Amino acid sequence: MSQVRVRFAPSPTGGLHIGGVRTVLFNYLFARQQGGTFVLRIEDTDQSRFVPGAEQYIFNCLRWCGLMPDESVEHPGAVGPYRQSERKALYRPYAEQLIAAGKAYYAFDTPEELAQMREQFKTAENPSPQYGAVTRMHMRNSLTMDEAAVAEALNGPHVVRILMPQDERIQFKDMIRGEVSFDTGLVDDKVLLKADGMPTYHLAVVVDDYLMQISHVFRGEEWLPSAPIHLLLWRYLGWEEKMPQWAHLPLLLGPDGAKLSKRHGSKYGFPIFAMNWTDPRTGDFTEGFAERGFLPQALLNLLALLGWNDGSGQELFSMEELVQRFDISRVSHSGAVFDFEKARWFNHQHIHRLSAAELAPLVMPYLPAASNEKLLPVLELVKERCTLLPDFGVQAGFFFQTPESIDLDSLRAKWKPVYAAFFETLASAWDPAPAWENAADIETAFTVLAQELGIKKGELMLPLRIMLVGGKFGPGVFDILHLIGASEAAKRVRNALSQI
RNA sequence: GCGGCGUUGGUAAAUCGGUUAAUACGCCACCCUUUCACGGUGGAAUGACGGGUUCGACUCCCGUACGCCGUACCA
């Protein structure tokens, strides 16, 4: 009977990539389906990685996707603040509580000392020694120093580390993977509270999930190795009965099988982020799905199917269907390679499903010369040949604007001298413009004229098409003629004749 | 190195011990269309390897190999 509360907790350090969007999506679907609450918490505990604008950018992406949180810095609920930097004072008492309980300790080692320790204990078998059972007693911390020395050192910079038990088996049930277990002896004494007073992710995530009453945590599989730390913290803080259920989502992979990153985008030429992002520090630009011409519902549909399916074979889902059908127990265990070709297919399908009226506002940016009365019928005619939104520019542009250039090579390849007379006669017949009721009438007149001149109608179709649209593409020629009108058609035919 | 998690066609994947191992994307061919697309038909292409368990394994168990993730005072 407990309330479902889920959260997405990004750190505002850069763009939001589609792996993150999928994590948001799964959280969102689960929350909507269960009548729960979706919380967005900003994890900005690393001041050195602060990126101006990144937080706003995340909101912009979520808004575009239609995955807005119920509680966030924009719409605070009862458990704020929703930015960890503003919760700073909250964490220290919990760290102190852990120390008092003997589950954590102060450490005073400088970065140099840490590096020295790693160097000293490094062996061929163990290239990265941990701050843990075998090393902690060699370091400067409240375990090795006497009370007076600790009290003295506390005036200077210090951190709090968790004291990992020597030989304990931490086991829990992951909603996706089932029983998962770890040996505590293999996990190091992670820093909980940093020298600057900020918590690390490990402390912050547990404290905040508890305080924000989170019931289920859906996060990427990259967090699985640190899950035992979080489990222990829930236990040590005495909150175990309130601990959320865990679900570690399979990773989104690039074509090379490695965790999807913006590197893949530039390497393979596809977007990685939800929306365009330029890093203000480096000037690095990463392309977004929005600007590439994807529909948000298509992006969400394809991301949902990357790691989940309902077993029916259905691939096209509306958001409502996803909310209804999503089932965390049917999420797969292995990483999924992102396939841009398939992504394009999803977008094509979703474009096809939209009406011309729904499409109109979305394609206006690509059709500067579009006129209102022709727009809808044109969109209806061309939408099935558009995969991405910018495709409407080339597929529909010529209805509103005379082509800047025509494919003369293709035209000449099909050209016969007798055609010139035909097209001149045709242009004259269209100028002054006759009354065109429909495409069929135009075709009839065209056929008759071809017969009179003894030319096969079929031979003339492609040349006419090229004259009208500029190339070998587009809907039926007579549909095009009907929409652009006789006088404009005559103009285009004469223009082509003059160039041939 | 160690730990964790994975492994069905190129990719996404169904199968929940018994099938000629679905389906979709992509690819190839043909049909439709004297354009492009849509649509239709057909085709090539899959259970990493080795042991078990079982009357019977893609499905369960063990091992090996391989891949990924983690191993920060980053998240």
Side-chain angles (χ1 to χ4, degrees), chain A residues 9-13 43-46 48-49 107 109-111 114 118 122-131 157-161 174 176-177 180-183 185-188 190-202 204-205 219-228 248 250-251 253 255-259 302 305-316 332-346 348-349 352 382-387 391 394-395 407 410 414 456-466 469 471-477 480:
Chain A
S11 73
T13 51
E43 307 233 333
D44 56 349
T45 53
D46 187 351
S48 68
R49 294 209 302 162
D109 316 278
T110 64
L114 287 173
R118 290 188 180 114
K122 190 159 113 182
T123 61
E125 288 79 49
N126 186 5
S128 47
Q130 301 180 319
Y131 198 118
H158 58 277
V159 303
V160 174
R161 286 181 181 269
D174 186 273
I176 295 172
R177 287 153 219 283
V180 183
S181 66
F182 299 84
D183 192 337
L186 277 353
V187 184
D188 61 350
K190 285 276 180 261
V191 168
L192 263 22
L193 202 65
K194 301 189 261 189
D196 65 1
M198 280 287 197
T200 58
Y201 173 82
H202 304 297
V205 75
R219 67 198 335 186
E221 193 187 348
E222 71 266 32
W223 292 110
L224 201 45
S226 50
H248 289 90
L251 261 19
L253 276 19
D256 61 1
K259 182 167 125 180
L302 77 93
L305 271 285
L306 239 31
W308 170 85
N309 73 82
D310 73 349
S312 72
Q314 180 178 340
E315 293 197 281
L316 265 11
S332 53
H333 301 186
S334 48
V337 174
F338 173 72
D339 179 355
F340 188 60
E341 281 308 314
K342 185 81 182 233
R344 286 167 47 85
W345 176 80
F346 272 105
H348 185 258
Q349 293 297 320
H352 206 137
V382 305
K383 69 178 187 185
E384 72 187 15
R385 48 208 99 207
C386 296
T387 297
D391 293 345
V394 330
Q395 291 294 337
D407 183 355
S410 297
K414 291 280 179 185
K456 272 193 274 183
K457 169 194 165 199
E459 295 177 20
L460 298 162
M461 303 269 288
L462 188 61
L464 176 57
R465 165 182 300 283
I466 295 170
V469 321
K472 298 196 283 188
F473 62 92
V477 219
I480 295 171

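Quick note on labels: first sequence line is chain A, next is B, and so on, each numbered from 1. Note that the structure is a prediction, hence the values are computed from the model and not measured.
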In whole Å, measure the gap between the C1' atoms of C2(B) and A24(B) for me. 40 Å
Per atom distances to the Ser128(A) side chain, the nearest of G1(B), C74(B), C69(B) is G1(B)
NA contact type, Val180(A), heavy-atom cut-off 4.0 Å: base, sugar-phosphate, or nothing? sugar-phosphate
Rounded to whole Å, CG of Leu306(A) lies from P of C68(B) at a distance of 18 Å
For the side chain of Arg465(A) and the backbone of Phe473(A), is there at least one donor-acceptor N/O pair under 3.5 Å apart? yes
At under 4.0 Å between heavy atoms, what does Asp196(A) touch on the DNA or RNA strands: base, sugar-phosphate, or nothing? nothing
Between C1' of G9(B) and CG of Asp339(A), the distance in whole Å: 14 Å
When you measure from the side chain of Lys259(A) to the backbone of Glu222(A), do you find a donor-acceptor pair of N or O atoms at a distance under 3.5 Å? no
Between the side-chain atoms of Lys190(A) and the base atoms of A72(B), is any donor-acceptor pair under 3.5 Å? no
Considering only heavy side-chain atoms of Ala258(A), the closest of A75(B), C69(B), C38(B) is C69(B)
Shortest side-chain distance from Arg385(A), nucleotide among C36(B), C73(B), U11(B): C36(B)
P spacing across the pair U46(B) / U41(B), given as an integer number of angstrom: 23 Å
Sugar-phosphate, base or nothing in reach of Gln395(A), heavy atoms under 4.0 Å: nothing
A13(B) and U8(B): how far apart are their P atoms, nearest whole angstrom? 9 Å
Can you find a side chain N or O atom of His333(A) that sits less than 4.0 Å from OP1 or OP2 on C5(B)? no
May I ask you to say what His348(A) touches in the nucleic acid, namely base, sugar-phosphate or nothing, with a heavy-atom cut-off under 4.0 Å? sugar-phosphate
Checking contacts here: which listed nucleotide (A24(B), A75(B), A12(B)) is nearest the side-chain heavy atoms of Val337(A)? A12(B)
Expressed as a whole number of angstroms, how long is the span from Leu186(A):CG to G1(B):P? 15 Å
The Watson-Crick or G-U wobble partner of G6(B), with both key distances under 3.5 Å, is C66(B)
Check whether any side-chain N or O of Asn309(A) sits under 4.0 Å from OP1 or OP2 of A12(B), and answer yes or no. no
Output the rounded distance in Å from CZ (Arg219(A)) to C1' (A75(B)). 11 Å
Should Arg161(A) be listed as having a side-chain N or O under 4.0 Å from OP1 or OP2 of C73(B)? yes
Closest to side chain of Ser334(A), choosing from G6(B), A37(B), A13(B): G6(B)
Rounding to an integer number of angstrom, what distance separates U19(B) and C62(B) when you compare their C1' atoms? 28 Å
Taking OP1 and OP2 of A13(B), is either one under 4.0 Å from a side-chain nitrogen or oxygen of Ser332(A)? yes
Compare the minimum distances between each of C38(B), C68(B), A13(B) and the side chain of Ala336(A), then state the nucleotide with the smallest one. A13(B)
What is the base-pairing partner of C60(B), counting Watson-Crick and G-U wobble geometry with both distances under 3.5 Å? G52(B)
Of the listed nucleotides U71(B), G26(B), C38(B), the one nearest the side chain of Asp188(A): U71(B)
Out of C36(B), A75(B), G4(B), which nucleotide sits closest to the side chain of Phe182(A)? G4(B)
Flag, side chain of Arg344(A) to backbone of Thr387(A), donor-acceptor distance under 3.5 Å: no
Could you check whether Asp339(A) pairs with Lys342(A) (Lys NZ or Arg NE/NH1/NH2 to Asp/Glu carboxylate O, under 4.0 Å)? no
I'd like to know if the side chain of Asp183(A) reaches the main chain of Leu186(A), judged simply by a donor and an acceptor atom lying under 3.5 Å from each other, with no hydrogens or angles considered. no
Sorted by position of nearest nucleotide on RNA chain B, 5' first, the leading residue of Leu193(A) and Glu222(A) is Glu222(A)
Please answer whether the main-chain N or O of Ile176(A) pairs with a side-chain N or O of His333(A) as donor and acceptor at a distance below 3.5 Å. yes
Could you let me know what C74(B) is paired to, Watson-Crick or G-U wobble, both distances under 3.5 Å, or none if it's on its own? none
Could you check whether any side-chain heavy atom of Leu305(A) comes within less than 4.5 Å of a side-chain heavy atom of Phe346(A), counting everything from C-beta outward? yes
Rounded to whole Å, how long is the line connecting atom NE2 of His202(A) with atom P of G70(B)? 12 Å
Applying a 3.5 Å limit to both distances, which nucleotide forms a Watson-Crick or G-U wobble pair with A29(B)? U41(B)
Smallest separation among heavy atoms of Pro199(A) and Thr45(A), with atom names: O-CB, 3.4 Å
Aromatic ring pairing Phe338(A)/Phe340(A), orientation class (parallel under 30°, perpendicular over 60°, tilted between): tilted
Looking only at atom P, what distance separates U20(B) and C30(B), rounded to whole Å? 33 Å
Distance test, side-chain N/O of Thr123(A) to OP1/OP2 of G1(B), below 4.0 Å: no
Which nucleotide in the set C68(B), C25(B), C74(B) lies at the smallest distance from any side-chain heavy atom of Leu251(A)? C68(B)
Any strand is fair game: report the nucleotide pairing with U23(B) by Watson-Crick or G-U wobble, both distances under 3.5 Å, or none. A12(B)
Using only side-chain N and O atoms of Lys342(A), determine if any of them is under 4.0 Å from OP1 or OP2 of A13(B). no
Distance, C1' atom - from U54(B) to A14(B), rounded to whole angstrom: 24 Å
In whole Å, what is the span from the CG atom of Asp310(A) to the C1' atom of C16(B)? 15 Å
Using the C1' atom as the reference point in each nucleotide, state the distance between C32(B) and G42(B) in Å, no decimals. 15 Å
Write down the distance between CZ (Arg118(A)) and C1' (C2(B)), rounded to a whole number of angstrom. 15 Å
If we ignore hydrogens and angles and just use 3.5 Å, is the side chain of Asp174(A) paired with the main-chain N or O of His248(A) as donor and acceptor? yes
Determine the interatomic distance between P on A37(B) and the same-named atom on G26(B); round to the nearest Å. 12 Å
At 4.0 Å (heavy atoms only), tell me whether Gly307(A) reaches a base, stays on the sugar-phosphate, or touches nothing. sugar-phosphate
Closest listed nucleotide, where the reference is the side chain of Ala195(A) and the choices are A75(B), G70(B), C73(B): C73(B)
Pro475(A) vs Glu125(A), nearer the 5' end of RNA chain B by closest nucleotide: Glu125(A)
Just checking Gly257(A): base, sugar-phosphate only, or nothing, at a heavy-atom cut-off of under 4.0 Å? sugar-phosphate
Quick one: label Glu341(A) by what it contacts on the DNA or RNA (base, sugar-phosphate, nothing), any heavy atom closer than 4.0 Å. sugar-phosphate
Looking at every strand, decide which applies to Thr13(A) at a 4.0 Å heavy-atom threshold: base, sugar-phosphate, or nothing. nothing
Arg344(A) CZ to C38(B) C1': how many Å, rounded? 15 Å
